[in-house]
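Written below as structure tokens is the structure these notes are about.
Keep in mind that the numbers below use all heavy atoms, side chains included, and drop hydrogens, waters and symmetry copies. All residue numbers refer to positions in the sequence shown, counting from 1. Both counts, for ligands and for their atoms, begin at 1 and track the order of listing. All values reported here derive from a predicted model rather than from experimental measurement.
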Amino acid sequence: MTITTVSNEQLAKEYVDGVFEQLKQQNCHQAEFLQAAEEIFISLVPVFAQHPEYIQANILSRIVEPDRIISFRVAWQDDNNQVQVNRGYRVQYSNVMGPYKGGLRFHPSVNESIIKFLGFEQIFKNALTGQPIGGGKGGSNFDPKGKSDSEIMRFCQAFMTELYRHIGPDVDVPAGDIGVGAREVGYLWGQYKRLTKANESGVLTGKTPGYGGSLARKEATGYGTVYFVNEMLKDANDSFEGKTVVVSGSGNVSTYAIEKAQQYGAKVVACSDSSGYIYDPEGLDLAAIKEIKEVKGDRISTYVNYRPNATFTEGCTGIWTIPCDIALPCATQNEINGESARTLISNGVKAIGEGANMPSDLEAINEFLNAGVLFGPAKAANAGGVAVSALEMAQDSSRVFWSFEEVDAKLHQIMKNIYMDSKAAAEKYGFPGNLVMGANIAGFIKVADGMLMEGVY
Ligand code: GLU
């Protein structure tokens with residue numbers, strides 16, 4: 001008589017595939033959400049093979065379903081007294097590790113799929129920081145481009161008029177993301193105070209320093225990405241010194257990734273915005289970029305007025321054809337596809353650090369991993385922003401504020417820990433060097449263990 005035994009690996013794979021099939025059926029039009037889920041699910045097969053208790057508690061089906069999705073009308077008046085209507089969202093995904101935490105994105109592409117992909121990733125990213133924060137995300141399809149300052153203010157006030165009833169410093173703490181910076185957070189915060197009469201500054205992060213904000217929050221995501229990549233390079237006996245770097249985007253993440261890479265001795269030759277990219281073979285003039293973006297709020301194409309040898313090219317994907325040693329995608333999701341990845345590899349790229357959320361699609365990630373490129377996935381590499389948001393929450397509740405150096409030193413240590421934890425998890429589960437697997441696994445296990453302790457709900 002032959003006894004067929006089903007291995008733990010097979011059982012784990014069947015379990016993960018089954019949950020994913022169901023997820024596809026229930027969310028068939030949510031491409032970005034399914035993409036983010038698939039990347040994480042694949043990583044978790046070896047975890048379920050070693051932890052049947054997670055299957056027993058059906059952790060995967062539970063963690064992928066948000067605690068709640070709030071969707072609401074945002075009506076506001078533009079400068080011509082026309083009434084405009086947008087849709088607002090807050091997805092409260094998981095509060096196992098702490099209050100729901102994650103940014104707000106104002107961009108015309110925002111829909112439920114985008115907010116769910118961001119919220120789902122945020123659970124694991126936030127767990128990786130080691131700070132007491134759960135996962136959430138929100139936003140609106142409102143387009144800030146071309147809006148006056150008073151339109152932005154009225155929109156933010158209208159948005160908070162609904163959102164305030166769902167959030168709180170120990171409940172859910174929004175912050176910025178694409179289209180939401182210190183100005184927007186300020187308007188949101190003012191309206192929250194008016195509506196609740198409580199001066200709970202820890203209800204939002206990314207506030208201006210001096211008004212409840214933390215020093216180094218603005219720099220945190222970009223600096224954190226470079227700190228993370230620096231750890232990968234150090235492990236490979238390498239460094240930023242003398243390297244040619246391409247950074248996409250020109251918002252907060254990109255600007256401060258450029259700044260830190262330059263401080264580490266790299267030559268950063270390109271960055272971009274939604275209309276195209278600039279290439280400056282002698283190395284970017286960061287002061288010019290800050291003046292264009294932070295002072296004038298202008299397009300990156302105007303950089304050529306500062307530097308005669310620089311060029312501007314329309315369209316965004318061309319930036320990945322520029323030969324570089326290190327690429328830091330800091331713009332938006334799916335900005336590197338398989339083809340761009342192959343171009344980067346054939347041009348000799350050594351390391352990728354994802355400053356944006358999900359900037360490489362699944363094909364691109366596989367290309368990088370198969371080619372042996374050092375790859376720092378978003379959940380780990382861009383966690384510095386939300387990590388300093390958690391430090392802002394701590395400062396707000398203690399009413400004691402730290403110096404720039406203190407916050408930066410804590411950020412640096414957090415990024416080193418995330419690197420070590422991701423590397424160790426990848427090794428433990430049989431995929432040494434694969435930080436995509438490592439980050440997903442290390443983040444997941446923290447949350448899954450918390451879920452086991454809390455029981456079924
Ligand atoms: N939007 C950032 C992120 O994607 C920061 C979120 C926060 O600070 O809460 O992680």
field: Test item, A383 contacting ligand 1 (heavy atom, 4.0 angstrom)
entry: no
Proximity flag K137 to ligand 1, non-hydrogen atoms under 4.0 Å: yes
query: Among protein heavy atoms, which lies nearest atom 5 (C) of ligand 1, and at what distance?
result: R217 NH2, 3.4 Å
message: With heavy-atom distances below 4.0 Å as the criterion, list the atoms of ligand 1 near A175.
response: 7 (C), 8 (O), 9 (O)
query: How about E65 and Y93: does a side-chain donor come under 3.5 Å of a side-chain acceptor?
result: no
- request: Answer yes or no on whether K147 is positioned over the face of F142, meaning its NZ or CZ is under 6.0 Å from the six-membered ring centre and within 45° of the axis.
  value: yes
task: Please report the shortest heavy-atom distance between F159 and G139, naming the atom on each side.
output: CE1-O, 3.4 Å
- prompt: When you look at CZ of R87, are more than 12 heavy atoms from neighbouring residues, nucleotides or ligands closer to it than 6.0 Å?
  reply: no
- prompt: Which atoms form the tightest heavy-atom contact between K101 and D172, and what is the distance?
  reply: N-OD1, 4.4 Å
- prompt: So, does Q122 sit close enough to ligand 1 that a heavy atom of it is under 4.0 Å from the ligand?
  reply: yes
- prompt: Does the side chain of K116 come under 3.5 Å of the side chain of Q30 through a donor N or O and an acceptor N or O?
  reply: yes
message: Just to confirm my output: which protein heavy-atom neighbour is closest to atom 9 (O) of ligand 1, and how far is it?
response: K101 NZ, 2.7 Å
query: Atoms of ligand 1 less than 4.0 Å from G102 heavy atoms?
result: 9 (O)
message: Ring-plane angle category for F444 and Y54, please: parallel below 30°, perpendicular beyond 60°, tilted otherwise.
response: perpendicular
task: Distance to 0.1 Å, residue and atom name: give those for the protein heavy atom nearest to atom 8 (O) of ligand 1.
output: S389 OG, 2.5 Å
query: Which atoms of ligand 1 have any heavy atom of G103 under 4.0 Å away?
result: 6 (C), 9 (O)
query: Can the ring centres of F33 and F117 be said to be less than 6.0 Å apart?
result: no
- line: atom 3 (C) of ligand 1: closest protein heavy atom, distance to 0.1 Å, is K125 NZ, 3.4 Å
field: Atoms of ligand 1 close to N357 [distance to a heavy atom under 4.0 angstrom, numbered from 1]
entry: 4 (O)
